[in-house]
Amino acid sequence: MSQFHIAELARRGTVKKVVGPNPQKVAYKIDPTFNFRINTRSAYPLGIPGEFALMTVLRMDGSTISKSWNLWQVQDLNGEEQLAIRLNGESKSIEIRYTTFAQEKQNVAFTFLPFLFNSKWHKILLKVNESSMSLFVDCIMIDSQNIPPRQKIKLDGFTLIGKFKDNPAMAVPVRPLSFMDYI
C-alpha cells in the first residue's frame, strides 16, 4: 500500500482510519469513489517476477460480500487484464486470472470458501511460483494448484486495487488493514 501513500491520504482525510481486528491495529475504510490506480512501472520498476506472494488483511462490508471484485489487477495500456486476483462473492471463491505464453486467458479458482465471505477480518496470502499457486486464508493452507506458465507482464499499463469487476472506475468499500506484495 506504500505505493498508494494511504497513510498520507488518511492524514488528509481522503480515506478514513478505522479500528482494525484489535484496538492496536489501524485499518482504512475506502470510499467507493477513491481511485487506487497507479502506473505499473511506478509500482514495480523491475517488473513482476515469475515467483511472488501477495498478502492482505481485510474486512468486507455487507454490500461487498456477495459481489465480484478485483483485490489486485494489472492492466495493459488498453485496459486489458494481464493479471488479476478476484474475490467472487457469488461463487464464494478466489479466482486468479492471467495470460499464458500461448496467449490464452487462464482462470485458476480456489472454490468453496464461504467462511471468507462475511464481515469478519481475514488474512489472505497467495503464493505464486512458476508452475503453481497456493492459497492460505487465516494462516491455513486451502489448496495448491499446478498452473501453465504465465506470460510476462507489460509494465506500461496500470495497477489497480479494490475495484469492482464490472465497474473498474468504482472502488470496493472494503477495510484493508494491510496489503503487501512480495515481488
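In this chain, numbering begins with 1 at the start of the sequence shown. Owing to the predicted nature of the structure, the values given are computational and were not obtained by experimental measurement.
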Chemist: Just how far is it from atom CG of Leu160 to atom OG1 of Thr40, taken to the nearest 0.5 Å?
Modeler: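 It is 8.0 Å, given to the nearest 0.5 Å.
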Chemist: Does Lys123 reach the side chain of Met55, with side-chain heavy atoms less than 4.5 Å apart?
Modeler: yes
Chemist: Show the nearest heavy-atom pair for residues Leu113 and Phe117, with the distance to one decimal.
Modeler: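 Smallest heavy-atom distance, with atoms named: O-CD1, 3.3 Å.
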Chemist: Is it the case that the side chain of Ser132 and the backbone of Asn129 share a donor-acceptor pair, with hydrogens and angles ignored and the cut-off at 3.5 Å?
Modeler: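 Judged by distance alone, no pair lies under 3.5 Å.
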Chemist: Going from CZ on Arg37 to CD on Gln75, what distance comes out if it is rounded to the nearest 0.5 angstrom?
Modeler: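 That separation rounds to 7.0 Å.
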Chemist: Once rounded to the nearest 0.5 Å, what's the spacing between atom CD1 of Ile65 and atom CG of Leu87?
Modeler: 11.5 Å
Chemist: Atom OH in Tyr44, atom CG in Leu155: separation rounded to 0.5 Å?
Modeler: 10.5 Å
Chemist: Mind listing the closest non-hydrogen atom pair of Leu116 and Ile124 along with its distance?
Modeler: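 That would be CD1-CD1, 4.0 Å.
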Chemist: Would you indicate whether the side-chain heavy atoms of Asp156 and Arg41 approach each other to under 4.5 Å?
Modeler: yes
Chemist: Quick check on Phe112: does its CZ atom have over 12 non-hydrogen neighbours (other residues, nucleotides or ligands) under 6.0 Å away?
Modeler: no
Chemist: Salt bridge between Glu81 and Arg86, side-chain N to carboxylate O under 4.0 Å?
Modeler: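 Answer for the salt bridge query: yes.
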Chemist: Is a donor on one side and an acceptor on the other found under 3.5 Å between the side chain of Asp76 and the backbone of Asn78?
Modeler: yes
Chemist: Nearest 0.5 angstrom please: Ile38 CD1 to Ile161 CD1, how far?
Modeler: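 Separation between the atoms: 7.0 Å.
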Chemist: How long is the straight-line distance from OG1 of Thr159 back to CH2 of Trp72, given to the nearest 0.5 Å?
Modeler: 7.0 Å
Chemist: Per the side chain to side chain contact (heavy atoms under 4.5 Å, CB included) rule, which among Ile94, Ile85, Asp143 passes with Leu135?
Modeler: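 When Ile94, Ile85, Asp143 are each tested with Leu135, the side chain to side chain contact (heavy atoms under 4.5 Å, CB included) holds only for Ile94.
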Chemist: Any donor and acceptor pair, going by atom type alone, linking the side chain of Thr100 with main-chain N or O of Glu104 inside 3.5 Å?
Modeler: yes
Chemist: Can you name the closest pair of heavy atoms from Lys120 and Asn118 and give their distance?
Modeler: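 Of all heavy-atom pairs spanning Lys120 and Asn118, the closest is N-OD1, 2.9 Å.
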Chemist: Taking Asn70 for the side chain and Gln73 for the main chain, is one N or O donor matched with an acceptor at less than 3.5 Å?
Modeler: no
Chemist: Is it true that atom NZ of Lys92 has more than 12 heavy atoms of other residues, nucleotides or ligands lying nearer than 6.0 Å?
Modeler: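 Yes - once you tally the heavy atoms of other residues, nucleotides and ligands closer than 6.0 Å, there are more than 12.
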Chemist: Testing the basics here: between Met133 and Phe110, what is the closest heavy-atom pair and its distance to 0.1 Å?
Modeler: O-CZ, 3.6 Å
Chemist: So do the side chains of Phe52 and Leu126 get within less than 4.5 Å of each other, counting heavy atoms only?
Modeler: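 A side-chain contact under 4.5 Å is absent here.
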Chemist: Hey, does the side chain of Gln82 reach the backbone of Lys154 with a donor-acceptor pair shorter than 3.5 angstrom?
Modeler: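 Yes, Gln82 side chain to Lys154 backbone: donor-acceptor pair under 3.5 Å.
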Chemist: Any heavy-atom pair between the side chains of Glu130 and Glu51 that's under 4.5 Å?
Modeler: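 Heavy-atom side-chain distance check passes, below 4.5 Å.
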Chemist: Please confirm whether the backbone N or O of Glu90 pairs with a side-chain atom of Asn88, one donor and one acceptor, at under 3.5 Å?
Modeler: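 Here the side-chain-to-backbone pair exists.
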Chemist: Please examine the side chains of Ser134 and Met141, heavy atoms only from C-beta on, and report whether any two atoms are closer than 4.5 Å.
Modeler: yes
Chemist: Report the C-alpha separation of Leu54 and Leu71 in whole Å, then their side-chain angles, then the decisive distance to 0.1 Å, and conclude whether the side-chain contact (heavy atoms from CB on, under 4.5 Å) test is met.
Modeler: CA-CA 10 Å; Leu54 184 134; Leu71 176 64; 4.0 Å; yes
Chemist: Considering only heavy atoms from C-beta outward, does the side chain of Trp121 approach that of Asp138 to under 4.5 Å?
Modeler: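 The answer is no, as the side chains (C-beta and beyond) never meet within the 4.5 Å cut-off.
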Chemist: Check Arg150 against Pro49 and note the closest heavy-atom contact, atom names and distance.
Modeler: NH2-O, 3.4 Å
Chemist: Check Ser93 against Thr111 and note the closest heavy-atom contact, atom names and distance.
Modeler: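 Shortest heavy-atom contact: CB-CA, 3.9 Å.
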Chemist: Can you check whether Tyr98 reaches Ile153 side chain to side chain, under 4.5 Å on heavy atoms?
Modeler: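 A side-chain contact is absent here, since even the closest heavy-atom pair is not under 4.5 Å.
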Chemist: Whether the side chain of Arg97 engages the backbone of Leu83 through a donor-acceptor N/O pair (distance < 3.5 Å, no angle test) should be reported.
Modeler: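 Checking the backbone N and O of Leu83 against the side chain of Arg97, no donor-acceptor pair under 3.5 Å is found.
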